[in-house]
Protein chains: 2
Amino acid sequence: MTQPTAPADEASQEALPRQHRHYTIGELARMFEVTPRTIRFYEQEGLLAPRREGQKRIYREKDRVRLKLTLRGKRLGFSLAEIREVVTMYDAMPDGNARQLWRLLEILADKRDNLERQLEDIRLMRMEIDDVDHRAREVLRSLGHEA
Amino acid sequence: MTQPTAPADEASQEALPRQHRHYTIGELARMFEVTPRTIRFYEQEGLLAPRREGQKRIYREKDRVRLKLTLRGKRLGFSLAEIREVVTMYDAMPDGNARQLWRLLEILADKRDNLERQLEDIRLMRMEIDDVDHRAREVLRSLGHEA
DNA sequence: GACGAGGTTTACGTTAACGTAAAGTGCTTG
DNA sequence: CAAGCACTTTACGTTAACGTAAACCTCGTC
């Protein structure tokens with residue numbers, strides 16, 4: 001796959017009150033099975049904006065969620081630029097002007113179309129995979145192996 | 001999007017008996033809204049193997065289907081290498097040895113897992129998009145525009 | 001026979017999304 | 001206090017998937 005091969009995404013955290021916790025870059029990296037480099041890169045691309053404590057980056061709950069959404073977007077084939085567009089507009093929403101908001105709605109509709117298209121693609125590809133699977137098992141059976 | 005932005009895929013062909021027709025590279029390119037360069041590149045990567053008529057490439061029905069599947073795979077985030085792996089194994093199936101076939105089943109199971117994961121991602125992202133959409137419309141309403 | 005529309009090869013260029021290496025900072029632990 | 005670990009910045013390297021340009025055939029047609 002080009003996309004990350006879909007790790008747990010939801011880190012199986014201890015049942016700590018997730019609220020108000022903060023994380024180091026290494027913690028987040030392990031949680032989502034990415035490298036710190038990746039996380040820094042996303043910051044550089046304007047997708048994350050952690051606080052600093054001295055020199056070190058401190059990630060809060062909000063940052064964790066953004067990272068989660070970013071990775072999910074990636075798995076669905078969105079580019080970082082697209083993800084940023086939505087995410088930053090979302091943040092600017094409360095005081096956003098009408099033009100911006102309409103633009104946001106436009107983008108969202110677009111993404112939705114895209115998802116629908118992907119659903120159809122998945123449906124079709126599933127059928128084809130099932131088909132190939134069946135044929136392969138047939139051939140195996142004819143070879144005397146139990147499938 | 002990183003992926004092709006999902007054109008018609010099924011070219012709205014005339015109701016000609018599709019069987020046994022053949023296409024030039026330009027025709028295929030227009031059908032699927034890609035450039036000839038892309039199609040040649042896929043050939044170079046071992047995904048297509050058109051006949052030659054003199055110097056020119058001649059694509060048959062089978063090639064068209066393979067291109068269609070390739071583009072669908074791409075939209076779902078598969079790399080050309082992955083697509084090739086499945087497609088070539090599929091072609092080698094009838095006389096494939098058992099090892100190869102088991103390997104094929106493995107790959108297929110993997111792809112299926114991937115699709116399931118994507119379905120879930122789509123579900124979640126849909127909800128989030130709907131949520132953002134709602135909020136945006138709220139803000140717009142409070143600004144006195146009709147949404 | 002010039003020309004334009006399609007096709008061809010060869011080859012270098014480009015972009016996104018990181019990887020990797022080097023060199024430094026700061027804590028805490030034996 | 002040295003060692004180790006986790007963090008930092010800077011910067012160059014890498015890969016996939018094409019784009020783009022140049023230079024060349026080969027038709028049908030004006």
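Side chains included, hydrogens not; waters and symmetry mates left out as well; all remaining heavy atoms used. Chain A is the first sequence line, chain B the second, and so forth, proteins listed ahead of strands; every chain is numbered from 1.
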Using atom [atom1] of [X] as one end and atom [atom2] of [N] as the other, report the distance to the nearest whole Å.
X	N	atom1	atom2	result
A/Q44	C/dG19	CD	P	13 Å
B/F41	C/dT15	CZ	C1'	14 Å
B/L47	D/dC18	CG	P	10 Å
B/F32	D/dC18	CZ	P	15 Å
A/H22	D/dC7	NE2	C1'	15 Å
B/E82	D/dT15	CD	P	17 Å
B/E45	D/dT15	CD	C1'	12 Å

Between [N] and [X], is there an OP1 or OP2 to side-chain N/O distance shorter than 4.0 Å?
X	N	value
A/T35	C/dC18	no
B/K74	D/dC18	yes
A/Y42	C/dA17	no

- Query: Does the side-chain contact (heavy atoms from CB on, under 4.5 Å) test come out yes or no for A/E106 and A/K111, once each step is laid out?
  - Reply: CA-CA 9 Å; A/E106 238 177 78; A/K111 304 287 178 216; over 6 Å; no
Could I get the full list of salt bridge (charged side-chain N to carboxylate O under 4.0 Å, His left out) partners for [X], not counting sequence neighbours?
X	value
B/E53	none
A/K62	A/D91
A/R123	A/E120
A/R126	B/E116

- Item | Contact pattern, 5' to 3', of nucleotides 4-11 of chain C - B, S or - by protein heavy atom under 4.0 Å | ---SBB--
- Sequence neighbours excluded, every pair satisfying salt bridge (charged side-chain N to carboxylate O under 4.0 Å, His left out) that has a member inside residues 38-49 of chain B: B/E43-B/R52, B/E43-B/R57
